[in-house]
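This report refers to the structure that appears directly beneath it.
Only heavy atoms go into these numbers, but all of them, side chains included; no hydrogens, no water, no symmetry mates.
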Amino acid sequence: MPAPVPTPPNPAAEPVPSGVPAAPRGERGGRPAERRSGTVMPPRLRKTVLTVHVAISVGWLGLDLGLLALGVTALTTGDPALVKASYLAMDVLGDTLIVPVGLIAVLTGVVLGLYTPWGLVRYHWVLLKLVTSTAALIASVFALRPQIEEAAAWVSGAGAATPLPLPDRGELSLVVAPSVALTVYLLNVALSTFKPFGRTPYGRRRTARGTGSTGSTGVGGGGGTATRAARSRPAG
């Protein structure tokens with residue numbers, strides 16, 4: 001009776017041994033290869049946090065678009081009543097939404113970075129997005145919001161009859177600031193979509209250390225090859 005012909009192993013069908021990082025799908029896109037035991041968020045929780053992060057980030061962009069539209073309207077209209085209404089509407093949005101929306105967007109982004117394999121400083125695009133989002137939040141709270149409050153106070157008091165120009169030409173600032181913020185938010189959208197620039201030096205060192213420790217223990221290197229070779233041997 002002829003010996004059975006061994007079936008060539010199918011690496012794609014082989015289970016990945018516990019603790020072995022998945023094969024990377026490129027430096028500029030896809031998911032990172034590292035999996036740090038104990039720091040990866042459960043899939044359901046990760047999707048929940050990601051949903052909140054995306055929804056709040058879209059809301060942050062929409063909030064800025066609304067502020068920009070109101071600022072442009074107040075700057076270009078010749079109707080004092082419309083100018084007053086625009087700045088009062090900006091004041092409502094600024095007081096109720098700027099801080100919570102920006103804070104939740106940044107915090108959920110940090111959580112996703114800390115408890116998913118992307119990390120916070122392993123990839124240039126994640127680090128850049130964190131820096132720009134934090135800077136936008138700080139600028140919104142300490143620069144844009146006070147300007148909006150001053151404009152609302154002016155059109156409700158001393159400048160009720162002739163609201164423009166605002167003190168210190170604030171009407172121009174209330175167009176420029178939302179425009180800059182909108183540019184930052186669109187940049188973050190592009191970063192999340194294209195994931196450019198690859199790994200940071202820190203991320204490359206972490207990957208090199210993980211690969212070295214995996215190879216030295218034989219997990220995922222010769223171990224996986226030996227297992228597939230043993231499975232391909234004929235039965236007799």
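- Contact of the L191 side chain with the P196 side chain is registered, since non-hydrogen atoms from C-beta on lie closer than 4.5 Å.
- Annotation: side chain of R145 is in contact with side chain of D95 (closest heavy-atom distance under 4.5 Å).
- The closest donor-acceptor contact from the side chain of E171 to the backbone of L75 lies at 3.5 Å or more, if one exists at all.
- V83 and A74 get closest at one heavy-atom pair: CG2-O, 3.5 Å.
- Side-chain heavy atoms closer than 4.5 Å link hydrophobic residues (I, L, V, M, F, W, Y) into clusters, and following such links, even through other members, never connects V92 to M90.
- At distances below 3.5 Å, at least one donor-acceptor pair connects side-chain atoms of T132 with backbone N or O atoms of K129.
- Ring geometry for W60 versus Y185: interplanar angle of 30 to 60°, hence tilted.
- Linking Ile, Leu, Val, Met, Phe, Trp and Tyr residues whenever their side-chain heavy atoms come within less than 4.5 Å places L107 and V101 in a single cluster.
- Distance check: Y87 OH to L174 CG gives 5.5 Å after rounding to the nearest 0.5 Å.
- Under the 4.5 Å side-chain heavy-atom criterion for grouping Ile, Leu, Val, Met, Phe, Trp and Tyr, V111 is connected to V58 within one hydrophobic cluster.
- P42 has its side chain out of reach of K47: every pair of non-hydrogen atoms, C-beta onward, lies at least 4.5 Å apart.
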Under the side-chain hydrogen bond (donor to acceptor under 3.5 Å, both in side chains) criterion, do S57 and N188 qualify, and how do the steps go?
CA-CA 10 Å; S57 297; N188 286 347; over 6 Å; no

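- In this structure, L103 and L137 approach most closely via the heavy-atom pair N-CD1, 3.8 Å.
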Yes or no on side chain to side chain contact (heavy atoms under 4.5 Å, CB included) for T108 and I56, after CA distance, side-chain angles and deciding distance?
CA-CA 9 Å; T108 52; I56 291 295; 5.6 Å; no

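- Under the 4.5 Å side-chain heavy-atom criterion for grouping Ile, Leu, Val, Met, Phe, Trp and Tyr, L65 is not connected to V180 through any hydrophobic cluster.
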Go through the steps for V49 and Y115 under the test side chain to side chain contact (heavy atoms under 4.5 Å, CB included), then give the verdict.
CA-CA 11 Å; V49 177; Y115 294 99; over 6 Å; no

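- Nearest heavy atom pair, residue S86 against residue L70, reads CB-O, 3.7 Å.
- Under the 4.5 Å side-chain heavy-atom criterion for grouping Ile, Leu, Val, Met, Phe, Trp and Tyr, V184 is not connected to V176 through any hydrophobic cluster.
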Dump the intermediate steps for side-chain hydrogen bond (donor to acceptor under 3.5 Å, both in side chains) on R46 and T116, then the final yes or no.
CA-CA 8 Å; R46 181 185 66 81; T116 62; over 6 Å; no

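- Listed for the S156 side chain is no donor-acceptor partner under 3.5 Å among the backbone atoms of A153.
- The closest donor-acceptor contact from the side chain of S179 to the backbone of V175 lies under 3.5 Å.
- Here the side chains of L144 and I98 are in contact, with some heavy-atom distance below 4.5 Å.
- Residues W154 and P167 meet the side-chain proximity criterion, which asks for heavy atoms closer than 4.5 Å.
- Residues L186 and L61 have side chains in contact (heavy-atom distance under 4.5 Å, counting atoms from C-beta outward).
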Take L127 and L120, measure what side chain to side chain contact (heavy atoms under 4.5 Å, CB included) needs, and give me the verdict at the end.
CA-CA 6 Å; L127 180 59; L120 288 177; over 6 Å; no

